[in-house]
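Structure first, commentary second.
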Number of protein chains: 2
Amino acid sequence: MFSIGAMSDRTGVKVPTIRYYEDMGLLAPAERTAGNQRRYGAAALDRLTFIRHARDLGFTIEAIAELISLGAHPDQPCAGASQIARDQLADVRARLARLQRLEVELDRIVSGCSGTGTLDKCHVMAALADHDHCVTEH
Amino acid sequence: MFSIGAMSDRTGVKVPTIRYYEDMGLLAPAERTAGNQRRYGAAALDRLTFIRHARDLGFTIEAIAELISLGAHPDQPCAGASQIARDQLADVRARLARLQRLEVELDRIVSGCSGTGTLDKCHVMAALADHDHCVTEH
DNA sequence: CATAATTCCTCTAGGGACTAGAGGTTCAAG
DNA sequence: CTTGAACCTCTAGTCCCTAGAGGAATTATG
């Protein structure tokens, strides 16, 4: 059995975050010692590892909760889980596209400024003040 | 003079957000009518446009506040403003790099799953459960 | 076995950048 | 002058934690 600190060490999830996940229903309430401290088994460790990895990949708590509840019925078709992952991929791609546009604009803005002039002629300030300086929509 | 709604229409910043910016000190407290409603002049409109654009480019409220306070001294060198923009660009690039890694992983995970099998053999679930399935760090 | 150091408990609050809603007031048009 | 839209303040909620207070339990050391 693992203490909450041991779970934290093994997964890299911070102790308060583990308690938070329990509150959110991602982890079942842990067993307790006589002195009210949490004790976890191997299954809880696996689940926390799963949660950690899904969070690292950007899944929301809600999506993870759904994946977990789907996982409770292993004989069911996996279309639902697959869809959640595809939604997440689509979301990542959308954010990626937006960030790429930002990068272009910011690079243009920064490149246009030597940093040696005075602010009233500063390219950065002018570019921020006026969207028309931009190449892309954002 | 513009009402807060007119400001909103002209900049695309929502009305409660304009009030929020005032609370945060990005906008000077507006003049008021006898009935306590906000009235803005052209300078406030310009500033809100500036804020909007900077937010669209991902600058934090804090960074924008600093740009604005720098802008109050147009005769000063623009190195500070330039640095803020370069920091923002670096931040965007870091997030971009991370998202690109996520995209690779998610694409791999999703591609490996037809969505037609059952969950106990689901590639998505297995990949999430075990980081060792991954190619990159994230 | 006593003490000390560490870990654990619960609870509340904060953060960033808004957004939503309640309950009430003012303005502009007809 | 009346109606209806827009405005006001204030509180609370979103998301995903993180920090801290104040106190109890566990583990390590002497």
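Letters A, B, ... mirror the listed sequences (proteins, then strands); counts begin at 1.
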Backbone of [Y] reached by a side-chain donor or acceptor of [X] within 3.5 Å:
X	Y	value
A/Gln88	A/Gly58	yes
B/Arg52	B/Thr11	yes
B/Glu103	A/Val92	no

Interatomic distance where [atom1] belongs to [X] and [atom2] belongs to [N] [whole Å]:
X	N	atom1	atom2	answer
B/Arg19	D/dT11	CZ	P	15 Å
A/Asp9	C/dT7	CG	P	9 Å
B/Ile4	D/dA6	CD1	C1'	11 Å
B/Leu27	C/dC18	CG	C1'	14 Å
B/Glu31	D/dC7	CD	C1'	17 Å
B/Leu26	C/dC18	CG	P	9 Å

(request) May I ask you to verify if any side-chain N or O of B/Arg32 is less than 4.0 angstrom from the OP1 or OP2 atom of D/dT9? (result) yes
(request) Give a yes/no on whether any side-chain N or O of B/Ser3 is located under 4.0 angstrom from OP1 or OP2 of C/dC27. (result) no
Mind listing the N/O atom pairs, protein and nucleotides 24-27 of chain D, below 3.5 Å?
residue	atom	partner	partner atom	Å
D/dT26	OP1	A/Thr33	OG1	3.1
D/dT26	OP1	A/Gly35	N	3.3

(message) Counting only heavy atoms from other residues, nucleotides and ligands, does the tally under 6.0 Å from CD of B/Glu66 exceed 12?
(response) no
[X] bridged to [Y] by N-O distance under 4.0 Å:
X	Y	result
B/Arg95	B/Asp91	yes
B/Glu105	B/Arg108	yes
B/Asp107	A/Arg93	yes

(request) Report the residues that fulfil side chain to side chain contact (heavy atoms under 4.5 Å, CB included) with B/Ala6, sequence neighbours left out, ordered by chain and then residue number. (result) B/Phe2, B/Ser3, B/Arg10
pair [X]-[Y]: side-chain heavy atoms closer than 4.5 Å:
X	Y	value
B/Asp75	B/His73	yes
A/Val15	A/Ile4	yes
B/Leu96	A/Leu96	yes

(request) Under the ring pair (Phe, Tyr, Trp, His ring centres under 6.0 Å) rule, collect the residues that match up with B/His123, sequence neighbours excluded. (result) none
(request) To the nearest 10°, let me know how far the axis at one end of the helix from C/dC1-D/dG30 to C/dG30-D/dC1 is tilted from the axis at the other, five pairs an end. (result) 10°
(request) Write down the atom of A/Ser8, the atom of A/Lys14, and the distance for their closest heavy-atom approach. (result) OG-CA, 3.8 Å
(message) Do B/Leu89 and A/Val104 land in one hydrophobic cluster if side-chain heavy atoms of ILVMFWY residues count as linked below 4.5 Å?
(response) no
Polar atom pairs between nucleotides 15-19 of chain D and protein, under 3.5 Å, N or O only, would you list them?
residue	atom	partner	partner atom	Å
D/dC16	O3'	A/Arg55	NH2	3.4
D/dC17	OP2	A/Tyr21	OH	2.9
D/dC17	OP2	A/Arg55	NE	2.6
D/dT18	OP2	A/Thr17	OG1	3.0

I'd like a table of atom pairs between the protein and nucleotides 21-23 of chain D - only N or O on both sides, under 3.5 Å - with the distance next to each one.
none

(message) Mind checking if B/Arg38 touches a base, just sugar-phosphate, or nothing, with heavy atoms under 4.0 Å?
(response) sugar-phosphate
